[in-house]
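As the structure is a computational prediction, the values presented were derived from the model and not from experiment. Residue numbers start from 1 in every chain, and the chains themselves are labelled A, B, ... in the order their sequence lines are given, proteins ahead of strands.
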Amino acid sequence: MNAKIQTSVPLQIYTRLKPSDLPISTAELAKALIGCTLVRETPEGVTAGRIVEVEAYVPGDPASHAFRGKTPRTAAMFLSPYRAYVYLSYGTSWCMNVSSEPEGHGAGVLLRALEPLEGIPLMQIRRGTHTLRDLCRGPGRLCQAMAIDRSLNELDLLQQNALYLAAPVRKTGRVRKSKRIGISKAPDRLLRFYEAENSFVSGPRSLSP
DNA sequence: TAGGCGATGCTCT
DNA sequence: GAGCATCGCCTAG
């Protein structure tokens with residue numbers, strides 16, 4: 001294997017998103033995030049990927065962790081917009097949301113899949129696989145590949161260097177919506193958004209309405 | 001490639 | 001103690 005040398009600075013210049021680039025509305029933010037770049041900088045190197053699949057968990061949504069009110073775990077969902085909400089799912093996998101409503105409202109956008117852009121050898125080491133398609137396909141895999149864990153909970157995704165959102169690196173394809181994956185409450189709401197015909201999208205494609 | 005299934009351990013009631 | 005916004009492995013087509 002001819003692994004590339006990792007650097008601690010991005011190989012590509014990413015244009016950070018500003019608050020004025022993004023809507024403050026959960027479903028609108030979910031759509032807007034498709035095609036944007038998520039960048040992670042660690043001492044081991046930089047990893048980055050295009051966001052290709054998300055799910056919106058809107059205020060008053062029974063499927064949302066915030067539905068029952070603020071708890072120590074879900075506090076990040078109640079912060080100002082564009083903060084990271086990182087939680088452990090099924091005791092095995094970290095999952096990451098972006099807070100999406102004004103402070104105190106409790107909502108978020110779950111990142112479900114990325115298309116790897118940079119730091120692929122590092123992602124392969126973290127994931128223990130060389131299969132490109134499986135590096136960031138699924139919310140738990142995405143967090144493992146990007147080294148996202150609870151230490152990044154409540155991080156401001158527009159202000160910090162460790163993890164931040166950046167502008168798309170290329171034109172975003174058609175965005176489609178469908179039912180959300182793996183939930184038992186409000187399963188019929190069309191709040192999953194993904195880039196059509198992108199092979200890095202997770203879940204069954206038959207969920208499309 | 002798609003679908004089924006069991007392991008997993010944290011969170012909340 | 002029950003539920004769960006998942007994953008990896010296995011099998012079938």
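Atom CG in A:Leu111 sits about 13 Å away from atom P in C:dT6, given to the nearest Å. Across the protein-nucleic acid pair, A:Tyr87 atom OH and C:dT6 atom C1' stand 9 Å apart, rounded to whole Å. In this entry the distance linking CZ of A:Arg137 with P of C:dC7 reads 9 Å, nearest Å. As a whole-Å value, the separation of A:Met77 CE from C:dA5 P is 12 Å. In this structure, CD1 of A:Ile181 is placed 11 Å from P of B:dG3, rounded to the nearest angstrom. Remark: C1' of C:dC4 and OH of A:Tyr57 are 11 Å apart, rounded to the nearest angstrom. Summarising the geometry, the separation between CG on A:Leu191 and C1' on C:dA5 is reported as 13 Å, rounded to the nearest angstrom.
Between the side chains of A:Thr37 and A:Arg50, no donor-acceptor pair is found at a separation under 3.5 Å.
Residues meeting the side-chain hydrogen bond (donor to acceptor under 3.5 Å, both in side chains) test with A:Tyr82, sequence neighbours left out: none. Residues satisfying the side-chain hydrogen bond (donor to acceptor under 3.5 Å, both in side chains) test with A:Ser184, not counting sequence neighbours, are none. When the salt bridge (charged side-chain N to carboxylate O under 4.0 Å, His left out) test is applied to A:Arg73, no partner is found at least two apart in sequence or on another chain. Every side-chain hydrogen bond (donor to acceptor under 3.5 Å, both in side chains) that A:Thr26 has, sequence neighbours left out, goes to A:Ser100, A:Glu101. Contacts of A:Thr129 classified as side-chain hydrogen bond (donor to acceptor under 3.5 Å, both in side chains), with partners at least two apart in sequence or in another chain: A:Thr131.
With the nearest nucleotide of DNA chain C identified for both A:Lys185 and A:Gly138, A:Lys185 has the one nearer the 5' end.
In this structure, of C:dC4, C:dA5, B:dA2, it is B:dA2 that holds the atom nearest to the side chain of A:Arg133.
For the pair A:Arg112 and A:Phe193, the NZ or CZ position fails the cation-pi test of under 6.0 Å to the six-membered ring centre and within 45 degrees of the ring normal.
For the side-chain hydrogen bond (donor to acceptor under 3.5 Å, both in side chains) condition, the pairs that include at least one residue of residues 141-157 of chain A, sequence neighbours left out, are A:Arg127-A:Gln144, A:Asp149-A:Ser151. Counting only residues at least two apart or on different chains, the salt bridge (charged side-chain N to carboxylate O under 4.0 Å, His left out) pairs with a member in residues 15-31 of chain A are A:Lys18-A:Asp21, A:Glu28-A:Lys31.
Residue-level contact check: A:Met96 touches neither bases nor backbone, having no heavy atom under 4.0 Å from any strand.
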Worked check of side chain to side chain contact (heavy atoms under 4.5 Å, CB included) between A:Leu163 and A:Glu41 = CA-CA 6 Å; A:Leu163 183 67; A:Glu41 296 185 11; over 6 Å; no

Sugar-phosphate atoms are those with a prime plus P, OP1 and OP2; base atoms are the rest. Using that split, label each nucleotide of nucleotides 8-13 of chain C B, S or - for protein heavy atoms under 4.0 Å, 5' to 3'.
-> S-----

Using a cut-off of 4.0 Å between protein heavy atoms and nucleotide atoms, how would you tag nucleotides 8-13 of chain B 5' to 3' with B, S and -?
-> BBSSSS

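Between A:Glu53 and A:Arg192 there is a salt bridge, since at least one side-chain N of the basic residue sits less than 4.0 Å from a carboxylate O of the acidic one. A salt bridge links A:Arg170 to A:Glu115: one of the charged nitrogens lies within less than 4.0 Å of a carboxylate oxygen.
Stems are defined here as 3 or more consecutive Watson-Crick or G-U wobble pairs with pairing distances under 3.5 Å; those involving DNA chain C are B:1-7 with C:6-12, B:9-12 with C:1-4.
Of the residues in residues 23-35 of chain A, none lies under 4.0 Å from DNA chain C by heavy-atom distance.
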For residues 84-96 of chain A, please give each side-chain donor-acceptor pair under 3.5 Å, one per line with the distance, not counting sequence neighbours.
residue	atom	partner	partner atom	Å
A:Tyr85	OH	A:His65	ND1	2.8

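To the nearest 0.5 Å, atoms CG (A:Leu165) and OG1 (A:Thr15) are separated by 13.0 Å.
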